[in-house]
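Just so it is clear, the model here is predicted, and its values are computed rather than measured.
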Amino acid sequence: MVAVYEDASVSGASMHGRPGIQLLLGDAGKRAFDIVLTESMSRIGRDQEDRAGIRKRLGFYSVTIATPADGVVTPLVDGIRAVIDSQQLEDLKHHTRRGMRGRVREGRSAGGRTYGYTVLPPESDGHGRFKRGGRVVNEVEAQIVRRIFSQYVAGATPREIAKRLNLDGVKPPRGRNWNASTINGNARRRNGMLLNQLYAGRLVWNKVSMPKDPNTGKRVIRPNPEEAWVIKEVPELAIVPADLFEAAQRRKSERSIGHPFEQRRPKHMLSGLLRCATCGGGLASFGSDRGGRRRVRCSTHTESGTCMSNKTFYVDMIERAVLSGLQTELRTPAVLSEFVKIYHEERAHLAATNAEQQTRLSRRVEQISRKIQHLVNAIAQDHGDPAVLGARMKELVQERTQRETEIALLPAANKVIALHPDVLARYERQVEQLQASLAAGALNGDNDGVAALRELIESVAVQRVPGGIVVTITGRLNAILGEEHFPNDVCGKMVAGAGIEPATYGL
C-alpha cells in the first residue's frame, strides 16, 4: 500500500489536532506499509516526547522511518535531531517575542487590532526594511469608546451600555453584537475596553502568557506579574481623557465584589443612596421616634458641622415619595412608548436569534453526517484502526443526536411579531402594585425586588420645604433610555405633603 499522510497548516509542536499522524499510526498498526518516507523528522513532530513515542510505536509495528538526508533514521540520530528541532522551536518563540517587544518599545502594535484604531501599512526605513505595527486613532470608533467610558462613569452598567449600542446599530469590534464582557473584560487578565490603558495613551504588553497544555494541546491563558509587563507611553494614541479614564477605574474598583455570600446586603431599600440636597453628603441614621419610625439626618452636619442643614427626615416617608414618583414616571406616555418599542425589538431579536441558531445547528448536523459517512467508508475500505475510528464515530453520533434535540427544542419561527393584548394591562398592574410587592417581599426575606429597584437609582437627594419634602432622584434609566424619556432625573422632583407625615415637634 502506498499512501500520503499530511497535516497541512498544523503545528508539529503537539500530537493534538493532527488527524494525519493519527491515521498513519492506525494504518501502521494494520501492517498497511513497512516504511515511512518524510522530508525530515521535524515533519513527524518537533516535541521530543511525541517524536520518541511515534518512533517507538512504528518500531513495534516493524515500520522503518527514512529521510533524504539521513537515510534510515536510527534512535541515536533522531534523539540528537529531536533536541535540535525542539530547540529551534524554542528559539523561534524567543525571536518572535523579542521582535514583538521591540515593536512595543517603539510604540507600535505587537499584533492584533484594538477597537478605536486603524492599522497603518508597513513603512520603509529607507534601508530596504519595513516597519510594521503603526496605527492611528479611528475617530469614528473613538467616539464610541468615549461614549462607553462616559456612560459608565455616569452610572450605566456594561450590560446597559452594550444593550444601547446594539439598539443603536453600532458595529461591535467582532461578532454580531456588543456584549457586557467586551466592555467589562476580566480584571484578572486586565483585558476589556474599560481596562485597556491604550485608550489613556499607555501601551501595555505581555500581560498574559499562553502555554499549551500537554494533555489537551490547547492554550491556557495565565496572567503575568506586573513586573513582567512592557509599558510604553504613547500620548498621541490617547482617546479618553486621563480624568475620565481614572474615574472609570475608580468606579470599576468600587464595583469589584467577591462571592455573593460575602457581600453585606443593604438593611433598607434606600440604604446608602440618600443624599442631603444642601451639601450632597450622605444621610445617616439618626435614631427613631417614640413610635419606632426611623429617622435620618445629614452626616456632614452631624460629624463636621460644615453643612447648615440640621433637618431630620422619616425614612418611610422618603421611601413612599420615591415609589410614588417612580410609579408616576413609569406611566408617562414616553415610557409606555419606549416599553412597547423595546418589547417589539426584543421579540424581533429573539426571532432572529432562533432562526440563526437553527441554521447554525442544521449546518453542524450536516457536517457531522458527512464526517460519519467518511468514517464508515474508511472502515469499509480497511483504512485505519477500526477501534479508533469506531470510537470517533460514536462521539459524532452522540453529538449529532444532541444537536438534533436542540433543533427540536427551538421555538417555532413567528413571522408576525405583535404586542400581546394583556402586556400593557399587566405592566399597569405591576406598576400599581410596586410598593405593596416590595413591602411583601421584604417581609418574606425576598430582596430581589429591592435589589432591582436599587439598580434603577443612583442617589436620592432630600430637602425639606413648607408642607413636606422634595425628593430628587437620579437614576440609571437615563443611561439606558436617554434624557428625552426621563428629563427630570428619572423620577423628577416630587413633594410629599403634610398629610403624609404627622406633625412632630423639632422636625
Side-chain angles (χ1 to χ4, degrees), residues 6-18 20-21 38-52 54 69 78 80-136 173-174 185-186 188-192 195-199 201-234 236-237:
E6 64 177 0
D7 289 312
S9 303
V10 177
S11 171
S14 172
M15 283 283 289
H16 299 279
R18 298 182 60 194
I21 197 70
T38 178
E39 177 63 27
S40 69
M41 284 301 293
S42 65
R43 301 304 89 196
I44 297 293
R46 286 185 177 271
D47 182 82
Q48 298 181 59
E49 179 184 5
D50 292 341
R51 280 258 286 268
I54 293 172
D78 186 45
I80 296 174
R81 290 201 176 275
V83 173
I84 296 173
D85 290 340
S86 179
Q87 187 59 46
Q88 285 179 338
L89 191 61
E90 291 300 318
D91 290 344
L92 179 61
K93 293 178 183 177
H94 175 73
H95 295 158
T96 301
R97 291 187 62 80
R98 189 175 66 179
M100 295 168 70
R101 186 184 299 269
R103 282 193 188 181
V104 172
R105 287 175 174 169
E106 292 179 354
R108 296 172 175 269
S109 171
R113 180 182 178 277
T114 302
Y115 187 83
Y117 302 92
T118 299
V119 179
L120 298 175
E123 57 181 288
S124 174
D125 62 357
H127 300 284
R129 293 172 297 186
F130 290 87
K131 290 187 175 181
R132 296 173 172 82
R135 51 188 165 188
V136 294
R174 60 182 61 87
N186 184 296
R188 188 164 170 263
R189 298 179 186 175
R190 304 294 296 176
N191 61 4
L195 293 173
N196 192 341
Q197 298 190 48
L198 183 59
Y199 293 138
R202 191 178 305 109
L203 179 58
V204 182
W205 178 75
N206 199 37
K207 291 185 290 186
V208 297
S209 300
M210 294 186 289
K212 280 188 176 180
D213 185 339
N215 294 319
T216 63
K218 296 181 179 180
R219 293 193 179 277
V220 179
I221 299 178
R222 293 176 178 170
N224 290 334
E226 291 192 21
E227 54 267 24
W229 295 2
V230 178
I231 302 175
K232 174 69 176 179
E233 298 293 334
V234 283
E236 69 279 5
L237 295 181

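Atoms CG and OG1, from Asn196 and Thr114 in turn, are 5.5 Å apart once rounded to the nearest 0.5 Å. Note that the CZ atom of Arg43 and the CD1 atom of Ile21 stand 11.5 Å from one another [nearest 0.5 Å]. The structure places CG of Leu198 at 5.0 Å from CZ of Arg135, a figure rounded to the nearest 0.5 Å. The CD1 atom of Ile80 sits 13.0 Å away from atom CE of Met41, with the distance rounded to the nearest 0.5 Å. Taking CZ from Arg81 and CD1 from Ile44, the interatomic distance works out to 14.0 Å, rounded to the nearest 0.5 Å. We find the CD-NZ distance between Glu106 and Lys232 to be 9.0 Å, quoted to the nearest 0.5 Å.
When side chains are defined from C-beta on, Arg105 does not count as touching Trp205, because their heavy atoms never get closer than 4.5 Å. Taking the side chain as every heavy atom from C-beta outward, Leu237 and Leu203 never approach each other to under 4.5 Å.
Formation of a donor-acceptor pair under 3.5 Å by the Arg51 side chain with backbone atoms of Val83 is not found in this model. In this structure, the side chain of Tyr199 does not engage the main chain of Gly116 through any donor-acceptor pair within 3.5 Å.
With a 6.0 Å radius and a threshold of 12 heavy atoms from other residues, nucleotides or ligands, Arg222 has its CZ atom at or below the threshold. In the displayed structure, Glu236 atom CD is contacted under 6.0 Å by more than 12 heavy atoms of other residues, nucleotides or ligands. Counting heavy-atom neighbours within 6.0 Å of Arg108 CZ, excluding the residue itself, gives a total above 12.
Of all non-hydrogen atoms in Val234 and Arg202, the two that sit nearest each other are CG2-N, 4.0 Å. Summarising the geometry of Asn224 relative to Trp229, their closest heavy-atom pair is O-NE1, 3.3 Å, with the distance given to 0.1 Å.
Inspection of the Asn206 and Arg101 side chains reveals no N or O donor paired with an N or O acceptor under 3.5 Å.
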